[in-house]
Amino acid sequence: MTKNHVPAGNLFEKFLSNNSLFINKNVLQSSYLPNTIPHREEQIRQIRDIIGPALRREKPSNLFIYGQTGTGKTVTLKYTADVLMKFANEKNILIKIVYLNCKMKKVADTEYRLVAQLAREFGKEIPATGLPTDEVYKIFFSVLDREKQTVILILDEIDQLIDKAGEELLYNLTRINEELKHAQVSIIGITNRISFGENMDPRVKSSLSEEEILFPPYNALQLQNILFQRAKNAFKPNVLGEGVIEKCSAYAAKEHGDARRALELLRVSGEIAERKEHSKVAIEDVDEADSKIEKDRVLDIVEVQPKEFQATLYAIIRLAKNKKISAIYTGDVYELYRGICKETNLRPLTQRRVSDIIGELDMQGIINAKVISKGRQGRTREISFSIPPETAEKVEKIIRDSLGI
DNA sequence: CGAGATTCATGTGAAGTATACCTTTAGGCTTAA
DNA sequence: AAGCCTAAAGGTATACTTCACATGAATCTCGTA
């Protein structure tokens, strides 16, 4: 038996043998909470001063945080809140911090679901439907008020929720404290729309955003800094090729200084290099990672979408592939959509609904839909694709599988 | 030729409906004293 | 009589439909220069 002959049992050996480029890949995951947050010292200080009073059993001011995606809003807040929690635990002070992302479909995208989810965070079982919203509020208030505690609610991407659920939700949130006798609640809203709140009811606005903090985008140099620091813990020494971090930073800096994007680029680049069994991450891997990330993002969204959405998107893709058509309009999409429904035995939705679906697909960034007026030819949405054709091809395949075409 | 009216194809808001699920309540049945 | 189960009644949230009105620029109309 020669040395080169690999027994079948060693098929997976490479995953255990220490050929991995990573020490700890989690460090690059967006869920990872680092123990230092560079270039956000000022914001941390501000947050500290705002939530700090909780330690003295004073109600912290409500706070609104503005900043584009990947400017470190969530990490910074989570980090500061974490430190506060640890300190409070040491001193036996009852503080609870609840973090909720309002964008998540079917979790917190309506008023009912938001409050229900909050109540669930405190260990209450709330059915998905059936209860009056008021009732759910009452349940939520009663769990809160059972103990003398300070609660900090962090509502991430709250703008998405307000778009769907309306402003009175904010109003309801502001009166939480009036209903409570023992506990006190302060609300921290996070939004990546700078303009959010500009046309908000002044009363709601003044009570809900007693304080405001702005997170500016990182510049390329700061991004590099962040990447270097994380890479130290994520990768083995000397596996990052010349200029890899610089390139990741540059890419992300172009996208309004999105650190999340930069980290993801770095991680995926590493994964790609690893899969190729290279010993170093090369600049070319970054390019590959860039397109892979975008593809994965779209694919992930499309996969979990209801069939109605998929069918609509499928209609749009087919129209987009037709080179003879210069632009895609709602009417054409709907017509083709009906055809697809017939083909797949799906009960077709009305054009009214499909119109909304197109709007939602636009919101998710899968397509671009702009309302235009074509004068005598009426008004409609002009739809275009924001994803590369190669990805569209994959999306099409996924939908065909899912729809059974 | 230009100001205003017209028109088209669909956007958009409001109200209504179907569905799935919840709680309450009243009745009926069982059980145990 | 008390306890337990069941089914009906009355209620809600959500996704969708129905109805009706709103939009806004290309195009048409018609009066005027």
Side-chain angles (χ1 to χ4, degrees), chain A residues 100-143 155 159-173 199-201 301-302 304-316 319-320 325-342 344-364 366-384 402-403:
Chain A
L100 207 57
N101 189 327
C102 303
K103 181 178 70 172
M104 280 160 75
K105 243 189 168 178
K106 304 268 181 187
V107 175
D109 59 348
T110 68
E111 180 167 18
Y112 179 91
R113 298 214 257 242
L114 172 76
V115 184
Q117 191 57 38
L118 287 174
R120 284 190 201 111
E121 298 284 339
F122 286 85
K124 282 277 175 184
E125 297 264 329
I126 308 285
T129 167
L131 290 185
T133 307
D134 290 10
E135 197 60 38
V136 185
Y137 266 110
K138 273 187 204 146
I139 296 172
F140 177 48
F141 288 160
S142 74
V143 238
L155 305 178
D159 44 329
Q160 308 259 340
L161 178 59
I162 304 308
D163 283 350
K164 281 189 80 171
E167 256 185 48
E168 69 266 24
L169 159 59
L170 289 176
Y171 181 74
N172 288 335
L173 287 178
N199 35 21
M200 205 190 273
D201 180 342
I301 297 176
V302 172
V304 298
Q305 220 65 233
K307 288 209 170 16
E308 290 80 1
F309 282 61
Q310 294 185 342
T312 310
L313 186 57
Y314 184 61
I316 295 170
L319 285 171
I325 302 172
S326 55
I328 308 171
Y329 301 115
T330 305
D332 309 325
V333 173
Y334 187 65
E335 203 178 315
L336 184 50
Y337 163 82
R338 287 197 73 105
I340 292 163
C341 284
K342 207 172 215 173
T344 55
N345 282 328
L346 222 58
R347 196 171 59 84
L349 301 176
T350 45
Q351 182 155 351
R352 177 70 185 80
R353 178 64 187 144
V354 171
S355 173
D356 281 349
I357 289 177
I358 291 174
E360 283 178 54
L361 288 172
D362 178 46
M363 284 267 288
Q364 306 192 41
I366 299 177
I367 60 173
N368 288 316
K370 206 173 68 193
V371 181
I372 55 158
S373 178
K374 293 192 297 158
R376 208 93 202 269
Q377 270 66 252
R379 70 205 297 258
T380 181
R381 273 198 182 91
E382 194 175 66
I383 301 164
S384 63
S402 155
L403 260 44

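In what follows, every chain begins at residue 1, and chains take the letters A, B, ... in the order their sequences are listed.
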**Fill in**
note: A/Tyr329, atom OH; B/dG11, atom C1'; distance rounded to Å ~ 15 Å

**Request:** Look at A/Ser355 and B/dT12 and indicate whether a side-chain polar atom (N or O) is within less than 4.0 Å of OP1 or OP2.
**Result:** no

**Item:** Set of salt bridge (Lys or Arg N to Asp or Glu O under 4.0 Å) partners for A/Lys374, sequence neighbours left out
**Value:** none

**Request:** Can you sort out the partners of A/Thr330 under side-chain hydrogen bond (donor to acceptor under 3.5 Å, both in side chains), two or more places apart, ordered by chain and number?
**Result:** A/Thr380

**Message:** I need the NZ-P distance between A/Lys370 and B/dG11, as an integer number of Å.
**Reply:** 14 Å

**Prompt:** Just how far, in rounded Å, is P of C/dA13 from OH of A/Tyr137?
**Reply:** 11 Å

**Partners meeting side-chain contact (heavy atoms from CB on, under 4.5 Å) with A/Glu360 (sequence neighbours left out)** = A/Lys105, A/Phe309, A/Arg353

Table of protein N/O atoms under 3.5 Å from nucleotides 7-9 of chain B N/O atoms:
{"from": "B/dT7", "atom 1": "O4'", "to": "A/Arg376", "atom 2": "NE", "distance (Å)": "3.1"}
{"from": "B/dT7", "atom 1": "O4'", "to": "A/Arg376", "atom 2": "NH2", "distance (Å)": "3.0"}
{"from": "B/dC8", "atom 1": "O4'", "to": "A/Arg376", "atom 2": "O", "distance (Å)": "2.8"}
{"from": "B/dC8", "atom 1": "O2", "to": "A/Gly375", "atom 2": "O", "distance (Å)": "3.2"}
{"from": "B/dC8", "atom 1": "O2", "to": "A/Gly378", "atom 2": "N", "distance (Å)": "3.0"}
{"from": "B/dA9", "atom 1": "O4'", "to": "A/Gln377", "atom 2": "O", "distance (Å)": "3.2"}
{"from": "B/dA9", "atom 1": "N3", "to": "A/Arg379", "atom 2": "N", "distance (Å)": "3.0"}

Can you give the donor-acceptor pairs under 3.5 Å from side chains of residues 111-125 of chain A to other protein atoms, not counting sequence neighbours?
{"from": "A/Glu111", "atom 1": "OE2", "to": "A/Tyr137", "atom 2": "OH", "distance (Å)": "2.8"}
{"from": "A/Glu111", "atom 1": "OE2", "to": "A/Asn172", "atom 2": "ND2", "distance (Å)": "2.6"}
{"from": "A/Tyr112", "atom 1": "OH", "to": "A/Pro127", "atom 2": "O", "distance (Å)": "2.8"}
{"from": "A/Arg113", "atom 1": "NE", "to": "A/Asp109", "atom 2": "OD1", "distance (Å)": "2.9"}
{"from": "A/Arg113", "atom 1": "NH2", "to": "A/Asp109", "atom 2": "OD1", "distance (Å)": "3.4"}
{"from": "A/Gln117", "atom 1": "OE1", "to": "A/Arg120", "atom 2": "NH1", "distance (Å)": "2.9"}
{"from": "A/Arg120", "atom 1": "NE", "to": "A/Ile126", "atom 2": "O", "distance (Å)": "3.3"}
{"from": "A/Arg120", "atom 1": "NH2", "to": "A/Ile126", "atom 2": "O", "distance (Å)": "2.8"}

**Asked** Could you give the CD-to-C1' distance, from A/Glu335 to B/dT10, as a whole number of Å?
**Response** 14 Å

**Item:** Partners meeting salt bridge (Lys or Arg N to Asp or Glu O under 4.0 Å) with A/Glu382 (sequence neighbours left out)
**Value:** none

**Request:** Only counting residues at least two apart or in another chain, list the ones meeting side-chain hydrogen bond (donor to acceptor under 3.5 Å, both in side chains) with A/Ser402.
**Result:** A/Gln310

**Item:** Between the first and last five pairs of the helix from B/dC1-C/dG31 to B/dT31-C/dA1, the angle of the axes, rounded to 10 degrees
**Value:** 20°

**Message:** Please encode protein proximity along nucleotides 14-19 of chain C as a string of B, S and -, counting only heavy-atom distances under 4.0 Å.
**Reply:** SSSSB-

**Message:** Applying side-chain contact (heavy atoms from CB on, under 4.5 Å), can you list everything that pairs with A/Asp159, at least two apart in sequence or on another chain?
**Reply:** A/Glu157, A/Thr191, A/Asn192, A/Arg193, A/Phe196

**Asked** Atom CD of A/Glu135 and atom P of B/dT23: how far apart are they, to the nearest Å?
**Response** 9 Å

**Prompt:** Taking CG from A/Asp362 and P from B/dT10, how many angstroms apart are they, rounded to a whole number?
**Reply:** 17 Å

**Prompt:** Starting at the 5' end of DNA chain B and moving along, which residue's nearest nucleotide shows up first, A/Asp332 or A/Gly130?
**Reply:** A/Asp332

**Request:** Could I get the full list of salt bridge (Lys or Arg N to Asp or Glu O under 4.0 Å) partners for A/Arg376, not counting sequence neighbours?
**Result:** none

**Prompt:** Can you check whether A/Leu319 reaches A/Ile383 side chain to side chain, under 4.5 Å on heavy atoms?
**Reply:** no

**Asked** Would a distance-only check, ignoring hydrogens and angles, find a side-chain to backbone donor-acceptor pair under 3.5 Å from A/Asp362 to A/Ala369?
**Response** yes

**Item:** Atom pair distance, as rounded to whole Å: CD1 in A/Ile328 and P in B/dT10
**Value:** 14 Å

**Item:** A/Glu382 CD - B/dT10 P separation (whole Å)
**Value:** 13 Å

**Complete:** Hits for side-chain contact (heavy atoms from CB on, under 4.5 Å) against A/Ser355, two or more places apart or cross-chain, chain-then-number order -> A/Arg381

